[in-house]
Amino acid sequence: MSDAYSPVPELNLLKEFQDSLEGQFFAPGFELFEYDKGLDWFCGDAPDAYLDRLIPFAYATSSGSYYALWRCDDRTDLATLPVIFFGDEGDVCVEACNLRELFFLLAVEPDDAEDRARLAAPRQRYHVWLQQNFPLTPLDDAGVIDREIRAEYTRRFGDWVSEFASEDLLGDVLGTLGQDVPAS
């Protein structure tokens, strides 16, 4: 059996980098956890067949929000799957169109001055790691991300949730995604 963190080479590289920081964070609240950890943001409202299409892999905040890859189709390169943010207060959104886009977003300078100061050295190492492994440079503005592709994934994610969600859950999720609830 492999000692790799996951079947996703990009995540394995990130895990090696994270481990090299010896407990320091390079982005506010971001931390890889056990790959494909059984988390159910849908609070039991989703059958296993649907939950199997989500692959949780990291905390997004220090308060319990997390990221998951969404198997929106049957592609074999898991690094190209959209990344969904599941918030600890019920938020949900398509955070990135793929892992590399998430890596870009993690490199964006934190708004909070305290976070900028606390994370300065590990962030600098992250920027070097990013350039060495993916020839990606940090974004000055997260607005550079392709909004059309993200909007399409958001629509598709809402359609997917509507296949299994209760009326209440569907209303919450679609509202969070900025989509209208279909008339019954």
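- Every residue two or more places apart in sequence or in another chain that forms a ring-ring contact (aromatic ring centres under 6.0 Å, His included) with Y50 is listed here: W160, F164.
- Separation of atoms CZ (F57) and CG (L11) is listed at 5.5 Å; rounding is to 0.5 Å.
- Within the 3.5 Å criterion, the main-chain N or O of D111 finds a donor-acceptor partner in the side chain of R116.
- Partners of F26 under the ring-ring contact (aromatic ring centres under 6.0 Å, His included) rule, at least two apart in sequence or in another chain, are F17, F30, Y126.
- Put simply, the side chain of Y153 reaches to within 4.5 Å of the side chain of C72, judged on heavy atoms.
- The backbone N or O of F33 sits less than 3.5 Å from a side-chain atom of Y5, completing a donor-acceptor pair.
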- Message: Determine whether N133 and L14 satisfy the following criterion, side-chain contact (heavy atoms from CB on, under 4.5 Å), listing intermediate values before the conclusion.
- Response: CA-CA 10 Å; N133 287 283; L14 186 60; over 6 Å; no
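- Under a 4.0 Å N-O distance rule, the pair D115/R118 qualifies as a salt bridge.
- Side-chain contact between D91 and S65 is absent, with no heavy-atom pair separated by less than 4.5 Å.
- Taking each heavy atom of I55 and L78 in turn, the nearest pair found is CD1-CD1, 4.5 Å.
- T80 and N98 form no side-chain donor-acceptor contact under 3.5 Å, judged by distance and modelled atom types alone.
- With hydrogens and angles disregarded, a donor-acceptor distance shorter than 3.5 Å links the side chain of N12 to the backbone of S6.
- Judged by distance alone, with hydrogens and angles left aside, the side-chain atoms of R53 form no donor-acceptor pair with the main-chain N or O of W70 at under 3.5 Å.
- With R123 contributing its side chain and A27 its backbone, the two residues share no donor-acceptor pair below 3.5 Å.
- The two residues P7 and P9 come nearest to each other via the heavy atoms O-CD, 3.4 Å.
- Sorted by first and then second residue, the side chain to side chain donor-acceptor pair (under 3.5 Å) pairs involving residues 16-33 (not counting sequence neighbours) are K15-D19, S20-R125.
- What you find for T154 and Q179 is that their closest heavy atoms are O-NE2, 2.9 Å.
- When side chains are defined from C-beta on, F103 does not count as touching L13, because their heavy atoms never get closer than 4.5 Å.
- Salt bridge D73/R75: present, at least one basic N to carboxylate O contact under 4.0 Å.
- In this structure, L21 is a member of the same hydrophobic cluster as L106, with clusters built from ILVMFWY side-chain heavy atoms closer than 4.5 Å.
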- Query: Checking side-chain contact (heavy atoms from CB on, under 4.5 Å) for the pair F86/L54: CA distance, chi angles, key distance, verdict?
  - Reply: CA-CA 11 Å; F86 291 95; L54 294 170; 3.9 Å; yes
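- Distance CZ/F85 to CG/L102: 11.5 Å, rounded to 0.5 Å.
- Of the inter-residue distances, the one linking I149 atom CD1 with C97 atom SG reads 5.5 Å to the nearest 0.5 angstrom.
- Inter-residue side-chain proximity for L119 and P110 is flagged as met; some heavy-atom pair is nearer than 4.5 Å.
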- Decide yes or no on side-chain contact (heavy atoms from CB on, under 4.5 Å) for L174 and V161, but give the supporting numbers first. CA-CA 9 Å; L174 293 181; V161 171; 5.7 Å; no
- Evaluate the criterion side-chain contact (heavy atoms from CB on, under 4.5 Å) for residue pair E101 and V83; output intermediate values, then yes/no. CA-CA 9 Å; E101 187 174 285; V83 178; over 6 Å; no
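- A79 approaches V8 most closely through the heavy-atom pair CB-CG1, 3.9 Å.
- Taking the six-membered ring for Trp and thresholds of 30 and 60 degrees, W129 and F134 have ring planes more than 60 degrees apart, a perpendicular arrangement.
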